[in-house]
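Worth knowing before you read on, the calculation uses all heavy atoms, side chains too, and leaves out hydrogens, waters and symmetry mates. Sequential numbering from 1 along the given sequence is applied to the chain's residues. Bear in mind that the values here come from a model prediction, so they are computed numbers and not experimental data. When a ligand or atom number is given, it counts from 1 through the structure's own listing order.
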Amino acid sequence: MDRVDSTARRVVLVTGASRSIGAETARRLAAPDVHVVINYREKSKRAQAVVDDIIAAGGSASAIGADLASTADVTAMVGQIGEQFGRLDAVVLNASGGLERDAEPGYALRINRDAQVRLTGLVVPLMPPGGRIVFVTSHQAHFHSTGRALPEGYEPIAASKRAGEDALRALIPEFGTRGIEFVVVSGDMVDGTIIVRLLERRDPGAVAARRSTGQLPTLDQFADAIVQALDAPVPDGHTVYIGGDDYLIPST
Ligand SMILES: NC(=O)c1ccc[n+]([C@@H]2O[C@H](COP(=O)([O-])OP(=O)(O)OC[C@H]3O[C@@H](n4cnc5c(N)ncnc54)[C@H](OP(=O)(O)O)[C@@H]3O)[C@@H](O)[C@H]2O)c1
């Protein structure tokens, strides 16, 4: 495999970038001095379409299929990135799971906590000082401990994503010794996503309840926020909030 001159380009991995939020985030990274690695689980055509969009916009991209729940897949993906580029400047930990119809009990924790921590451990040695890790989550997960009502079926996802966030936050001191920065981007339900359409079918009242608090963030707004989190100064508490202002008001 040809080794790309990585000094010329910032290399950014976006997990779960074959559709929805990950895909929109990846498209926004299109620039001549950035190479975007599009990770996907099985939808290779969709991932390739995102690659094509980035190249058409003047950027550089490639797709790597890897089920993040599989140690072998993730090790191979990170190995490929290391061989091809020699480094990784930023990672967007976007991929998430647990709502799939066929998900086994325990899968949510495997993908949303264990897989995130494993991938992070593998990429950190490739990241130079100044590298950045952005973890994407939902307010329903980030604020899980507040005990707010959740859409039907979302409890295991909320708990496991919060567990993943906590496990990554516990690594902040280690990231610090390497000069790597860590940011969480947490959003309310994002309008226009497949997941919100799915939740709306399962539990229309839960989505209507969020809509009644104000306008939900759009896909564009959320993807913009993730891209900004790759470069903006690390915010207080390492967290950027998008939408759902009522979550930010402490309950009395
Ligand atoms: N949707 C919302 O309203 C909302 C709100 C706030 C925060 N978020 C957060 O934003 C992120 C993205 O959400 P989304 O709604 O865009 O998700 P989504 O539509 O379910 O997209 C999932 C993406 O992740 C990939 N993926 C799923 N399981 C994977 C695995 N085991 N290994 C590798 N890739 C895998 C899928 O690839 P394939 O297509 O190839 O399977 C797809 O590209 C999540 O972290 C979510 O918690 C979402």
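- Here the straight-line distance linking atom CD1 of Ile195 with atom CD1 of Ile157 works out to 8.5 Å at 0.5 Å rounding.
- Inspection of the Asn112 and Glu165 side chains reveals no N or O donor paired with an N or O acceptor under 3.5 Å.
- Counting heavy atoms closer than 4.0 Å to ligand 1, residue Thr137 contributes backbone atoms (N, CA, C, O) but none from C-beta onward.
- Checking only distances, Arg19 does come within under 3.5 Å of ligand 1, N or O to N or O.
- Residue contacts with ligand 1 for Ile195 involve side-chain atoms from C-beta outward but no N, CA, C or O (heavy atoms, distance under 4.0 Å).
- Taking the six-membered ring where the residue is Trp, His35 and Phe85 present tilted rings, their angle falling between 30° and 60°.
- At a heavy-atom distance under 4.0 Å, no atom of Ser186 approaches ligand 1.
- Across all their heavy atoms, Leu126 and Gly86 have their closest contact at CD2-O, 4.1 Å.
- At least one heavy atom of Ala17 sits closer than 4.0 Å to an atom of ligand 1.
- For the residues Val14, Leu199, Ile21, Thr193, the heavy atom positioned nearest atom 4 (C) of ligand 1 is part of Ile21.
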Only distances under 3.5 Å count here; give the side-chain donor-acceptor pairs of residues 172-179 to other protein atoms, sequence neighbours excluded, each with its distance to 0.1 Å.
{"residue": "Thr177", "atom": "OG1", "partner": "Glu174", "partner atom": "O", "Å": "2.7"}

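- Ranking the protein heavy atoms by distance from atom 42 (C) of ligand 1 puts Ser18 OG, 3.6 Å first.
- Using a 4.0 angstrom heavy-atom cutoff, Tyr107 counts as in contact with ligand 1.
- The CZ atom of Arg132 sits 14.0 Å away from atom CG of Leu88, with the distance rounded to the nearest 0.5 Å.
- Stacking of Arg148 on the aromatic ring of Phe143 is not recorded, the 6.0 Å distance cut-off and the 45° axial limit not both being met.
- Nearest to atom 35 (C) of ligand 1 among the protein's heavy atoms is Arg41 CB, 3.6 Å.
- Contacts between Ile194 and ligand 1, counted as non-hydrogen atom pairs separated by less than 4.0 Å, are absent for every part of the residue.
- A salt bridge is defined here as a Lys NZ or Arg NE, NH1 or NH2 lying under 4.0 Å from an Asp or Glu carboxylate O, and Arg211 with Asp191 meets this definition.
- For His139, no heavy-atom contact with ligand 1 is shorter than 4.0 Å.
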